[in-house]
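See structure below.
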Amino acid sequence: MKRTHHCNELRPAHIGQTVTLAGWVHSRRDLGGLLFIDLRDREGRTQTVFDPSSLPKELVDAASKLHSESVITVTGPVRQRPNGTENAKIPTGPIEVMVESFTVLNYADVLPFPVDDPEIANKVNEELRLQYRYLDLRRPEMTRNLRVRSKVATATRVFMEEQGFLEVETPTLFKSTPEGAREFLVPNRREPGTFYALPQSPQQFKQILMCAGVERYFQLARCYRDEDLRADRQPEFTQVDIEMSFIDREDIYALIEGLLKRVWNIALNIDIPTPFKRISFEEALNRYGIDKPDTRFGMELVDFTEDFRASTFKVFSGTIANGGVVKAINAKGLACATQGQIETMTEYAKSFGAKGLAFIKVEKGEWKSPIVKFFSDAEKAALTQKLAIEEGDLILFAADQWLNACEILGKIRLYCADLLKAQGKLTIAPGQFNFLWVIEFPLLGFDREQNRWYSSHHPFTAPVADDIPLLKQDPKKVRGQHYDIVVNGVELGGGSIRIHQPDVQKTIFEEILKIPPDETQLRFGYMLEAFRYGAPPHGGIALGFDRLIAILCNTPSIRDVIAFPKTAKGVCMMTDSPAGVSARQLRDLHIEVKAAPKKD
RNA sequence: GGGGGUGUAGCUCAAUUGGUUAGAGCGCUGCCCUGUCACGGCAGAGGUUACGGGUUCGAGUCCCGCCACUCCCGCCA
């Protein structure tokens, strides 16, 4: 018998109707005579009542033996619950279904972990949840995440369609482009020794689509990167990939602000204010020590380079004399930091090549610090004033070259914020979303080990027009037309205006990045060629769709918003992939495996 | 590749300085229970303390190794 309603549909208005529900046995309360079964489906749950005074004993006995998560249908009239027995916690609480007949569609064995109790289910070992993902996904929290993801995907498509974009699919069997992330390779059976590569992103195809006159392209694109994983990184993930012709940066900002406004509205019913704030890379580093600042709290970096230029404390003045800077943050109320916590922060500093971490604990009106004896009164006054030092504060210093000093304190700032949150001294409202465009990134970075320049974004990023003359004279100063969209310290996406003149592109490849011309030809020849036959100026952006959904669902791990994610070692616990293949498959692919197979 | 954390009953967790027969709640099995919704009551079953070594009169606990999961660094144009 087909169901007539879902399990979150019946209300007092249905009283008297005979209905059929189908779903999973969520919980069972056997009172000896009377038996209650909460029936659950995707939409919610409804209480059903088995009353022995009106039902055959065998039927009630059979129902009382059902394990949780068995699949049944029940049929019977909807009725108002007796006075005082309504359940205010669920929308179907005023009513119940008096069972007249029921059918077991599938008996469930005893479960490996409970799915009905959110308190326990939330704490279940993730390994187990991933192994029995179909059970995990039945939990209302996970169902909600899938639903948010689906709604946002649809909202994105509708919005992009409204804005005149075409959704175009691009190949996932691509070719290897050695720069960038490590790639997954797919052996080609037809020609021994040749391989496809799975794309890290559809970057080159979307630029070619601009040359094809598509003008406005988007795609919910699956991308693949064979790098080590994190809570916010999976080997395969989804990007909202976008590219537009005849535009400048402002068009991208406006488009994405519109898209995110729509998405937040649909997913959370929140109206986020636009336009978003913008901050340059340099300012982000200066104030927050990171290129994706979390601006929901202060604790900003303060510069003391001028105050310590002539200091007798040689660690500071010496660094400044070598072209470095001195910066500090005030972790308000963290003078209670333990030796271990100071140690952790010192390790952060050392991982950036610093020799140590200078600090001051302000306790009982005293500055407790190994270095404060070297400070003059004027230096102390400058610290007190610029950092607004008070009792209970912890001051942390970095003295190093500008970028390093900023990044050290940026790390420490986030670590201190976590400590303060744990101590209840810093609270961040859950519904707060600080969106930010980070702009004016340097186009190029310098790799000391390899003694060459590299693209800080990718080699197709256009320089800021005014800076093009600097390309050959002072590459470090060239700003790229690159932008990142950041929310609450999470990099949601990034993109750039692209180079569309083949001569500029050639200069970047050959004179700046020093890629030999024959190699340029081999790897990017088809792109340079496409740019010779009428390439419109264009630019684009890609948003990390999984991260976007994780933020909307307020979860720290993108695994919670992916139906079947992989573990940190890239294993699918449910299907046990990756796995070995037969000798015959290897032979067909002309592949010989030299490593010994892993034993179980 | 490196560093941190975790691993004890089906699940979530205890177990004092190394010391009796490794406990509890939930779940499971049986019995009782007609208005529960975390139903309740009684009884019971359930353990290679991830795995392999070692120290010790004695190891869940200490040491060495190893595996899995997880967080971070490197890496992710």
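Convention: sequence-line order gives letters A, B, ...; per-chain numbering from 1. This one's a predicted model, so the numbers in the text were calculated from it and none came from an experiment.
Residue contacts shown for A:Leu31 include a base, since a base heavy atom lies under 4.0 Å away. Using a 4.0 Å heavy-atom cutoff across all strands shown, A:Gln234 reaches no nucleic acid atom at all. Counting non-hydrogen atoms under 4.0 angstrom, A:Arg81 reaches a base of the nucleic acid. The residue A:Pro82 sits close to a base: some heavy atom pair falls under 4.0 Å. Within the nucleic acid shown, A:Leu128 comes within 4.0 Å of sugar-phosphate atoms alone, with no base atom in reach, counting heavy atoms only. Contact annotation for A:Glu347: no contact, since no heavy-atom pair falls under 4.0 Å across all strands. A:Glu183 comes within 4.0 angstrom of no nucleic acid atom, judged by non-hydrogen atoms across all strands. A:Asn125 comes within contact range of the sugar-phosphate backbone alone, with a heavy-atom separation under 4.0 Å but no base atom that close. Using a 4.0 Å heavy-atom cutoff across all strands shown, A:Ser455 reaches sugar-phosphate atoms only and no base atom.
In this structure, A:Arg129 atom CZ and B:G10 atom C1' are separated by 17 Å, rounded to whole Å. One can place NZ of A:Lys65 at 7 Å from P of B:G30, the figure rounded to the nearest angstrom. Protein atom CG of A:Asp109 is 14 Å distant from nucleotide atom C1' of B:G27, rounded to whole Å. For the pair A:Leu130 CG and B:A68 C1', the computed distance is 13 Å after rounding to whole Å. The CD-P distance, from A:Glu127 to B:C71, rounds to 12 Å in whole Å. Spacing between atom CG of A:Asp117 and atom P of B:G10 amounts to 19 Å, rounded to whole angstrom units. The CZ-P distance, from A:Phe50 to B:C37, rounds to 18 Å in whole Å. Rounded to an integer number of Å, the gap from CD of A:Glu407 to P of B:C73 is 12 Å.
Listed nucleotides: B:C11, B:C69, B:U36. Nearest to the side chain of A:Thr85: B:U36. Residue A:Val571 places its side chain closer to B:C69 than to any other of B:C76, B:C69, B:C71. Listed nucleotides B:C39, B:C76, B:U70 differ in distance to A:Arg559; the shortest reach to its side chain belongs to B:U70. Side-chain proximity of A:Ala181 to the nucleotides B:C76, B:C11, B:C37 is greatest for B:C76. Closest contact between the side chain of A:Arg233 and the listed nucleotides B:C76, B:C11, B:U36 involves B:C76. Of the candidate nucleotides B:U36, B:U34, B:C76, B:U34 has the atom nearest to the side chain of A:Ser53. Distances were taken from every side-chain heavy atom of A:Val110 (C-beta onward) to each of B:C28, B:G35, B:C11; the shortest belongs to B:C28.
Heavy-atom neighbours of A:Asp418 CG from other residues, nucleotides or ligands within 6.0 Å: above the threshold of 12.
Using a 30° and 60° split on the angle between ring planes, A:Tyr415 and A:Tyr348 fall in the perpendicular class, above 60°.
A donor and an acceptor atom never sit less than 3.5 Å apart when one is taken from the side chain of A:Arg28 and the other from the base of B:C37.
For the OP1/OP2 pair of B:U70 and a distance below 4.0 Å, the side-chain nitrogens and oxygens of A:Lys569 include no atom meeting the criterion. Using a 4.0 Å cut-off, some side-chain N or O of A:Arg230 falls inside it from OP1 or OP2 of B:C73. At the phosphate of B:C69, OP1 or OP2 sits under 4.0 Å from a side-chain N or O atom of A:Thr567. Taking only side-chain nitrogens and oxygens, A:His67 never comes nearer than 4.0 Å to OP1 or OP2 of B:G10. Applying the 4.0 Å criterion to OP1 and OP2 of B:U36, one finds that A:Arg29 has every side-chain N and O outside that range. The phosphate of B:A38 (OP1 or OP2) has a side-chain N or O of A:Lys89 nearer than 4.0 angstrom.
Results of the side-chain contact (heavy atoms from CB on, under 4.5 Å) test with A:Ser201 over A:Arg222, A:Lys206, A:Arg225 single out A:Arg225 as the only residue that passes.
Cation-pi geometry between A:Arg413 and A:Phe297 is met: the NZ or CZ atom falls under 6.0 Å from the ring centre, inside 45° of the normal.
Listed here is the closest heavy atom pair of A:Tyr217 and A:Gln219: OH-NE2, 2.7 Å.
The side-chain ring of A:Phe36 is stacked on the base of B:U36, judged by centre separation under 5.5 angstrom and plane angle under 30 degrees.
Atom C1' of B:U61 sits at a distance of 11 Å from the matching atom of B:U8, rounded to the whole Å. B:A22 and B:G41 are spaced 27 Å apart, taking the P atom of each and rounding to whole Å.
Here side chain to side chain donor-acceptor pair (under 3.5 Å) pairs that include residues 77-87 of chain A, with residues two or more places apart or in two chains, are A:Arg79-A:Glu96.
Judged purely by distance below 3.5 Å, without hydrogens or angles, the side chains of A:Gln131 and A:Glu127 never pair a donor atom with an acceptor atom.
You'll find the side chain of A:Thr520 stays beyond 4.5 Å of the side chain of A:Lys506, heavy atoms only.
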